[in-house]
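These numbers were taken from a predicted model, which means no experiment stands behind them.
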2 protein chains.
Amino acid sequence: MTIGVAEGTRAASVKVARRLLETEGPEALTMRRIAGELGIQAPSLYKHFSDKRGLEAAVIAEGLREFGHAMNKSLASKAEPVRALARAYRTFGLQHPHLYRLMNDRELPRDLLPPGLEDSVALPIVMTFGDRSLARVAWALAHGLVSLELAGRFPADADLNGVWDEAVRVLQVARAG
Amino acid sequence: MTIGVAEGTRAASVKVARRLLETEGPEALTMRRIAGELGIQAPSLYKHFSDKRGLEAAVIAEGLREFGHAMNKSLASKAEPVRALARAYRTFGLQHPHLYRLMNDRELPRDLLPPGLEDSVALPIVMTFGDRSLARVAWALAHGLVSLELAGRFPADADLNGVWDEAVRVLQVARAG
DNA sequence: GTCTATAGTGGGATAGAC
DNA sequence: GTCTATCCCACTATAGAC
C-alpha cells in the first residue's frame, strides 16, 4: 500500500533474472532458477508476473533504457558523433552479450513495454544521421557487426577494430555526402 | 553396401529436418518430430547421426551451399555487383528465415562442416570488395538488415526497399573510393 | 537399421491452503 | 504473497532385443 517505495519481490525478480541471463545465458532464465535465487518457490512469481514473457519483458525494458542512456551519453562526449555512437554500441553489445541478444534477436514484446521506450532508444541514431534510411543503414551495420562478432563468425585473426574503423569511415562519408 | 546410391534414411532425415525447420520453425526441429515424419522412432536416428548437433550441422551445410550458390549466381547476372549481391542476400534471408537464423545466429558447428565450405561461401563478397575490412563491413550490413527485418524491428511503415537502396549506395561509394 | 522401453532432465503453469 | 502438490508437457539419449 505504501507509495513510492521499492516494489519488493517484483523488482528483485527482474534484477535476479538479468543477473542469471548475463552470467549463465538464456538457458538459466527459468522461473525455477529465478525463484530459487530469490529463496522462494517458482509459483510465487506468478503473483508478480502474468507469465514468463512478462518477466522477460521487464528485463528487456531495463536493457533498452540502459542502452539508450549509453548511446545518449556517448553523443555528449567530445568525440566525433558517428565514432562515438559506434563505440558505445559495440561496447554495450560486447559487455552484455546475452542481454543484447534477448533485446535484439527476436520480436520485441511491444505490448508489454512502456510506450515510447523503443523510439527513445532509436533517437540518438536518428538525430545523428538525419535521414531515416541512412540512420537505419547505420543501425543495421552496427547490429550486424555486433551480431556476427557475438556469434563468433569472424575468423579468429580478423582485425575487428579495423573493421569497425572502416564501418565508421563508410558511415561518415555517407553522412557528409 | 552399395556405392554411389542414395544414403537412404540419413539423407531423408536432413530433408525432413529442413522442411520442418522452414515450415514450423526451430521448435519443430526435434528428434521425435523428425523421426515421426519419417515414420520411424526417434532412437533410430542415432544410427545415422551421433547426436542432434550432427543432424543440425547437416542442415546448416546444405543451407550454406545453397546460399553460396545463390550469391555466385547473382554475380553472373548483368546487374551491378554490389546491387546483385545485396538482392541475392536479402532474397535468401527472407525466403528462408528459419534456415537463415540457424546458419547465422550462433556459432557454426565448424568441426562438423566440410572443410572449406565456410570460406567458399564468403568468397563472392570478398572478391567483389577486394579489401577484407570493407568486405566484412558489407557482410555485416547485409546481415544486420536481414536480421532486423526478420526480427520485426523496423516499423511497419518503414520503406525497406529504400533502406536497402541506401545501403547499396553507401557500399558502392566505399568500394569506388 | 529398426524396434520397445526407459532413464534422466528439464520446463511453464494452475489449484488451493495458509 | 507465499507455500505445497501437482499436472502436463517436452526433450536428448542409451540399452538391448530383433
Atom-to-atom span, CD of A:E27 to P of D:dT12 - whole angstrom: 15 Å
Rounded to whole angstrom units, what separation is found between the NZ atom of A:K52 and the P atom of C:dG11? 8 Å
Tell me whether B:E56 is salt-bridged to B:R106, with the criterion being a basic N under 4.0 Å from an acidic carboxylate O. no
When you look at NZ of A:K52, are more than 12 heavy atoms from neighbouring residues, nucleotides or ligands closer to it than 6.0 Å? yes
side-chain N/O A:T9 vs D:dG1 OP1/OP2, d < 4.0 Å: no
Heavy atoms within less than 4.0 Å of DNA chain C: which residues of residues 31-47 of chain A have one? Give them sorted by number. A:M31, A:R32, A:P43, A:Y46
Indicate yes or no: does A:D165 engage A:R83 in a salt bridge with an N to O separation below 4.0 Å. yes
Specify the separation, in whole Å, of atom CG of B:D51 and atom P of D:dC11. 17 Å
Please tell me if the side chains of A:E62 and A:K15 come closer than 4.5 Å, counting only heavy atoms from C-beta onward. no
B:L20 atom CG is separated from D:dC11 atom P, nearest whole Å, by 11 Å
Comparing B:L29 and A:H48 on DNA chain D - which has the more 5′ nearest nucleotide: A:H48
Do the side chains of A:R169 and A:E166 get close enough for a salt bridge, i.e. N-O under 4.0 angstrom? yes
Quick test of your reading: applying ring-ring contact (aromatic ring centres under 6.0 Å, His included), list the pairs with at least one residue in residues 41-65 of chain A, sequence neighbours left out, ordered by first then second residue. none
